[in-house]
Amino acid sequence: LETRNLYRNNPIIRCGVDGVSRRIGIAHPHFQTGDSDWDKQAYDRWMIWNENCDVKGLLTFDEMQENVPKSCYTDGDLGFRLFDEGGELKIMPIESDLIAAPMRTDVNIDHMSPLGGIVWDVETGKIKGYLIGRRGMGGVLIDTKEVPASEVILLYRRERTDQMRGIPLLASVIDTAKDLDDYLNSTRIQARIAATFGVVIKRNAAAAFGQNASIANQTSTGQTYRTMPLNNGKMTILHPDEDISMFKGDVPGPLFDTYAKFQIRMIARGMKSTYEMLMSDYTNMSFS
């Protein structure tokens, strides 16, 4: 859930994941058998399959490949179910949260049940099949059926010898990305406050002043509350020992750029990239 939200809402993370996805995929084959007619027919046949290989008719094979790294970054893995339709191979992409035990609740609200979804031999550890279902009302996984392992390809990055499901590749940058996002938001709010030229008046009898300057209001239930109108360009007279201070206008501070770049470098390294690639910032790079 955290990694899906980062990809959906964080522009830096989205740029990094999309950048990797665009550079991954199987190139279209070029046949060179010496028979130009056969080569052309084979290539044309490949392109027809590329456009029509999806069982649902939604994605081309190129688009499926682009979704593999995206899913590995956000969900951990992506499954493909293989079908034989009249002797022709068809493919169905399966998102990771649909490969799970039956009655599992929606990934957006379920923080307890693991994905699982693997059927394996307890003695050898060999995978025998995958539990694949669909989402019903309320986001509950229903109609889960065991599909033989020979009919499913599960793509993920293996990090342990006994690992059977993928771990989101964004997992290592979740906290750093959230910290950076909070830092940018707080800095933006400070800058907006400073831009208003607002002031804070420190009075000796603040409670009495507030009582006199406010207006009493009464709710329909008889409860009383007070409100104070805000005015632009208002002037006030200060009494002895009273003071007035303005919001600081030096926002963002001198270390803003340095700190933000450091956090982005941490995110880039966690995504196996670089700051320059992630931000398209080549100002401090030389040709060499």
Side-chain angles (χ1 to χ4, degrees), residues 1-31 42-85 88-100 106-108 115 117 130 132-135 147 149 151-159 163-174 176-177 264 267-282:
L1 179 60
E2 294 280 4
T3 49
R4 282 188 178 186
N5 285 338
L6 281 178
Y7 176 75
R8 184 182 300 114
N9 301 314
N10 190 304
I12 296 176
I13 297 297
R14 191 179 189 94
C15 174
V17 173
D18 287 349
V20 173
S21 301
R22 286 193 298 268
R23 297 191 295 272
I24 292 180
I26 302 174
H28 294 175
H30 292 274
F31 305 94
Y43 180 78
D44 292 342
R45 190 69 189 89
W46 164 267
M47 292 304 299
I48 292 174
W49 182 84
N50 178 82
E51 296 292 327
N52 301 278
C53 62
D54 186 2
V55 171
K56 300 179 182 178
L58 301 176
L59 301 173
T60 66
F61 187 63
D62 292 336
E63 292 169 335
M64 289 185 188
Q65 293 180 82
E66 189 173 331
N67 275 275
V68 171
K70 289 182 181 179
S71 294
C72 288
Y73 271 102
T74 60
D75 300 341
D77 51 38
L78 180 65
F80 288 92
R81 186 174 178 182
L82 311 179
F83 293 88
D84 183 350
E85 289 192 356
E88 185 172 18
L89 174 64
K90 294 287 186 177
I91 306 175
M92 175 190 289
I94 306 171
E95 291 195 348
S96 62
D97 57 305
L98 297 181
I99 307 175
D106 184 24
V107 67
N108 291 318
L115 284 176
Y130 298 88
I132 300 175
R134 66 179 182 85
R135 291 290 173 204
V147 179
E151 299 179 11
V152 177
I153 298 175
L154 187 66
L155 300 176
Y156 64 95
R157 177 180 290 172
R158 187 180 297 275
E159 299 177 357
Q163 183 177 344
M164 298 183 181
R165 295 298 305 267
I167 299 172
L169 300 182
L170 288 176
S172 62
V173 303
I174 290 177
T176 305
I264 296 173
I267 294 172
R269 298 314 300 147
M271 297 180 67
K272 303 294 189 296
S273 182
T274 64
Y275 166 83
E276 289 76 15
M277 291 285 290
L278 196 60
M279 299 299 292
S280 297
D281 180 6
Y282 307 104

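As a basis for the values below, the full set of heavy atoms in this structure was taken, side chains included, without hydrogen atoms, waters or symmetry mates. What you see is a predicted model, and the numbers here were worked out from it, not measured in a lab.
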**Study point:** Donor-acceptor contact below 3.5 Å, side chain D77 vs main chain Y156
**Key:** no
Review point. Do R165 and D75 sit within salt-bridge range, that is, some charged N less than 4.0 Å from a carboxylate O?
Key: no
Review point. Any Lys/Arg nitrogen of E95 or R4 sitting under 4.0 Å from an Asp/Glu carboxylate oxygen of the other?
Key: yes
Review point. Is R14 reaching over with its side chain to a backbone N or O of Y7, donor-acceptor style, under 3.5 angstrom?
Key: yes
Check your understanding: Does Q163 use its side chain to pair, donor to acceptor, with the backbone of E159 at less than 3.5 Å?
Key -> yes
Check your understanding: Any side-chain heavy atom of E88 within less than 4.5 Å of one from W49?
Key -> yes
Review point. Do R157 side-chain atoms and L169 backbone N/O form a donor-acceptor pair below 3.5 Å?
Key: no
Review point. Should D18 and K70 count as side-chain neighbours, where that means a heavy-atom distance under 4.5 Å?
Key: yes
Check your understanding: Is there a side-chain contact between N67 and P93, using heavy atoms and a 4.5 Å cut-off?
Key -> no
Practice item. Flag the pair M47 / D44 as yes when at least one side-chain heavy-atom distance between them is below 4.5 Å, and no otherwise. Key: no
Check your understanding: Would you call the rings of Y43 and H30 parallel, tilted or perpendicular, where under 30° means parallel and over 60° means perpendicular?
Key -> parallel
Exercise for review: Could you tell me whether the side chain of Y282 and the main chain of M277 form a donor-acceptor pair under 3.5 Å?
Suggested key: no
Check your understanding: Can you find a pair of side-chain heavy atoms, one from L82 and one from V152, that are under 4.5 Å apart?
Key -> no
Check your understanding: Does E63 have any salt bridge (Lys or Arg N to Asp or Glu O under 4.0 Å) partners at least two apart in sequence or in another chain, and if so, which?
Key -> none
Practice item. Test V68 against F80 for side chain to side chain contact (heavy atoms under 4.5 Å, CB included), laying out the working first. Key: CA-CA 10 Å; V68 171; F80 288 92; 3.7 Å; yes
Point to revise | Side-chain touch V17/M271, heavy atoms, less than 4.5 angstrom | key: yes
**Study point:** Note, L170 side chain near I13 side chain (heavy atom, < 4.5 Å)
**Key:** yes
**Study point:** More than 12 heavy atoms of other groups within 6.0 Å of L155 CG
**Key:** yes
Exercise for review: Taking the side chain as every heavy atom from C-beta outward, state whether D281 and Y275 have any pair of such atoms under 4.5 Å apart.
Suggested key: yes
